[in-house]
Protein chains: 2
Amino acid sequence: MDPDAKIDFEASLYPYQQLAGILRARVARGDWKPGKIIPSESRLVQEYGISRDTARRAIRVLVEEGLLFTVPQRGTFVRER
Amino acid sequence: MDPDAKIDFEASLYPYQQLAGILRARVARGDWKPGKIIPSESRLVQEYGISRDTARRAIRVLVEEGLLFTVPQRGTFVRER
DNA sequence: TTTCATTTGTACGTATGTATT
DNA sequence: TAATACATACGTACAAATGAA
């Protein structure tokens with residue numbers, strides 16, 4: 001997945017799945033290092049032109065994968081590996 | 001948890017957590033047997049006076065517990081054993 | 001210490017898509 | 001055709017906790 005890809009609302013893959021792929025690629029590229037915080041849900045909403053619901057779904061996918069972890073009222077971080 | 005309890009919107013426990021407890025108790029009581037379908041999200045919305053979001057959250061809790069499983073476009077069922 | 005903005009968590013409403021009955 | 005059912009996506013709103021000023 002291209003870490004610089006944009007959301008394609010006409011694609012067959014859901015926007016949240018596309019965003020999950022993009023964020024996964026950005027972590028792999030090193031945009032955010034292990035232990036570091038990623039953009040807030042609001043920031044992702046602004047940057048990708050999607051709803052917060054979609055941003056949260058994408059983050060959830062990566063949290064379930066074990067790539068990220070969320071700290072309530074703080075943010076979402078890249079898990080140390 | 002009382003399987004016949006109603007949602008208390010003034011309680012400290014979130015509505016979705018209360019509903020999860022109620023549904024868990026209803027499964028335990030045998031309202032729905034293993035392999036059988038439980039009420040749809042829309043039915044739960046009507047029966048408990050909550051939003052679909054809340055119904056889905058409650059179901060998700062029980063799915064993660066392994067008590068239920070969902071089949072897209074079909075319904076949510078009680079897992080065998 | 002108090003105030004304030006930020007961030008996640010929750011709740012609700014509406015709409016559309018897809019598949020089944 | 002029509003109704004049912006879940007999945008996704010958009011929006012709004014408020015609560016609670018954190019951290020900075």
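The chains referred to below are lettered A, B, ... by the order of the sequence lines, with proteins before strands, and numbering in each begins at 1. Values reported hereafter were calculated over all heavy atoms of this structure, with side chains retained and with hydrogens, waters and symmetry mates removed. Everything quoted here is computed from the prediction, not taken from an experiment.
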Under 3.5 Å, N/O pairs linking protein and nucleotides 10-13 of chain D:
{"unit_1": "dC10(D)", "atom_1": "OP2", "unit_2": "Ser51(A)", "atom_2": "N", "d": "3.0"}
{"unit_1": "dC10(D)", "atom_1": "OP2", "unit_2": "Ser51(A)", "atom_2": "OG", "d": "2.8"}
{"unit_1": "dC10(D)", "atom_1": "OP2", "unit_2": "Thr54(A)", "atom_2": "OG1", "d": "2.3"}

Quick one: [X] [atom1] to [N] [atom2], roughly how many Å, whole number?
X	N	atom1	atom2	result
Ile37(B)	dA5(D)	CD1	P	7 Å
Leu13(B)	dA15(D)	CG	P	18 Å
Arg57(B)	dT8(C)	CZ	P	14 Å
Ile38(A)	dT6(C)	CD1	P	18 Å
Gln18(A)	dA9(D)	CD	P	9 Å
Glu10(A)	dG17(C)	CD	P	11 Å
Arg56(A)	dA11(C)	CZ	P	11 Å
Leu44(B)	dT4(D)	CG	C1'	14 Å

Of the non-hydrogen atoms in [X] and [Y], which two are nearest, and what is the gap between them?
X	Y	result
Met1(A)	Ala5(A)	SD-CB, 4.2 Å
Leu13(B)	Gln17(B)	CD1-OE1, 3.2 Å
Ala11(A)	Gln18(A)	CB-NE2, 3.7 Å
Val45(A)	Ser51(A)	CG2-C, 3.7 Å

To the nearest 0.5 Å, what is the distance between OG1 on Thr76(B) and CG on Leu68(B)? 6.5 Å
Among dC6(D), dT8(C), dA11(C), which nucleotide sits nearest the side chain of Tyr14(B)? dA11(C)
By side chain to side chain donor-acceptor pair (under 3.5 Å), Glu41(A) pairs with (sequence neighbours left out) Arg52(A), Arg56(A)
Taking side chain to side chain contact (heavy atoms under 4.5 Å, CB included) as the definition, give me every residue that meets it alongside Ser42(A), ordered by chain and number, with sequence neighbours left out. Ser40(A)
Counterpart residues, salt bridge (charged side-chain N to carboxylate O under 4.0 Å, His left out), relative to Arg43(B) (two or more places apart): Glu47(B)
Can you list everything that forms a salt bridge (charged side-chain N to carboxylate O under 4.0 Å, His left out) with Glu64(A)? Sequence neighbours excluded, please. Arg60(B)
Residue pairs, two or more places apart or on separate chains, that pass ring-ring contact (aromatic ring centres under 6.0 Å, His included) and touch residues 50-81 of chain A: Phe69(A)-Phe77(A)
Applied to residues 1-25 of chain A, the ring-ring contact (aromatic ring centres under 6.0 Å, His included) test, sequence neighbours excluded, yields none
For DNA chain C, which residues in residues 62-71 of chain B have a heavy atom at a distance below 4.0 Å? none
Pull out every protein N or O sitting under 3.5 Å from an N or O of nucleotides 19-21 of chain C, one pair per line with the distance.
{"unit_1": "dT21(C)", "atom_1": "OP1", "unit_2": "Arg74(B)", "atom_2": "NH1", "d": "3.0"}

Only one of Thr54(B), Leu44(B), Leu67(B) forms a side chain to side chain contact (heavy atoms under 4.5 Å, CB included) with Ile59(B), so which one is it? Leu44(B)
Please list, one pair per line, the donor and acceptor atoms closer than 3.5 Å that link side chains of residues 21-37 of chain B to other protein atoms, with sequence neighbours excluded.
{"unit_1": "Arg24(B)", "atom_1": "NE", "unit_2": "Glu65(B)", "atom_2": "OE1", "d": "3.1"}
{"unit_1": "Arg24(B)", "atom_1": "NE", "unit_2": "Glu65(B)", "atom_2": "OE2", "d": "3.4"}
{"unit_1": "Arg24(B)", "atom_1": "NH2", "unit_2": "Glu65(B)", "atom_2": "OE2", "d": "2.7"}
{"unit_1": "Arg26(B)", "atom_1": "NE", "unit_2": "Asp31(B)", "atom_2": "OD2", "d": "2.6"}
{"unit_1": "Arg26(B)", "atom_1": "NH1", "unit_2": "Tyr48(B)", "atom_2": "OH", "d": "3.1"}
{"unit_1": "Arg26(B)", "atom_1": "NH2", "unit_2": "Asp31(B)", "atom_2": "OD2", "d": "3.1"}
{"unit_1": "Arg29(B)", "atom_1": "NE", "unit_2": "Asp31(B)", "atom_2": "OD1", "d": "3.0"}
{"unit_1": "Arg29(B)", "atom_1": "NH1", "unit_2": "Asp4(B)", "atom_2": "OD1", "d": "3.2"}
{"unit_1": "Arg29(B)", "atom_1": "NH1", "unit_2": "Asp4(B)", "atom_2": "OD2", "d": "3.0"}
{"unit_1": "Arg29(B)", "atom_1": "NH2", "unit_2": "Asp4(B)", "atom_2": "OD1", "d": "3.2"}
{"unit_1": "Arg29(B)", "atom_1": "NH2", "unit_2": "Asp31(B)", "atom_2": "OD1", "d": "3.4"}
{"unit_1": "Arg29(B)", "atom_1": "NH2", "unit_2": "Asp31(B)", "atom_2": "OD2", "d": "3.0"}

Give the dot-bracket string for DNA chain C, reading 5' to 3', where a pair is Watson-Crick or G-U wobble with both distances under 3.5 Å, ( ) marks pairs inside the strand, [ ] marks pairs crossing earlier ones, | marks a partner on another strand, and . marks unpaired. .||||||||||||||||||||
Listing time: all N or O pairs from protein to nucleotides 1-5 of chain C that are below 3.5 Å?
none

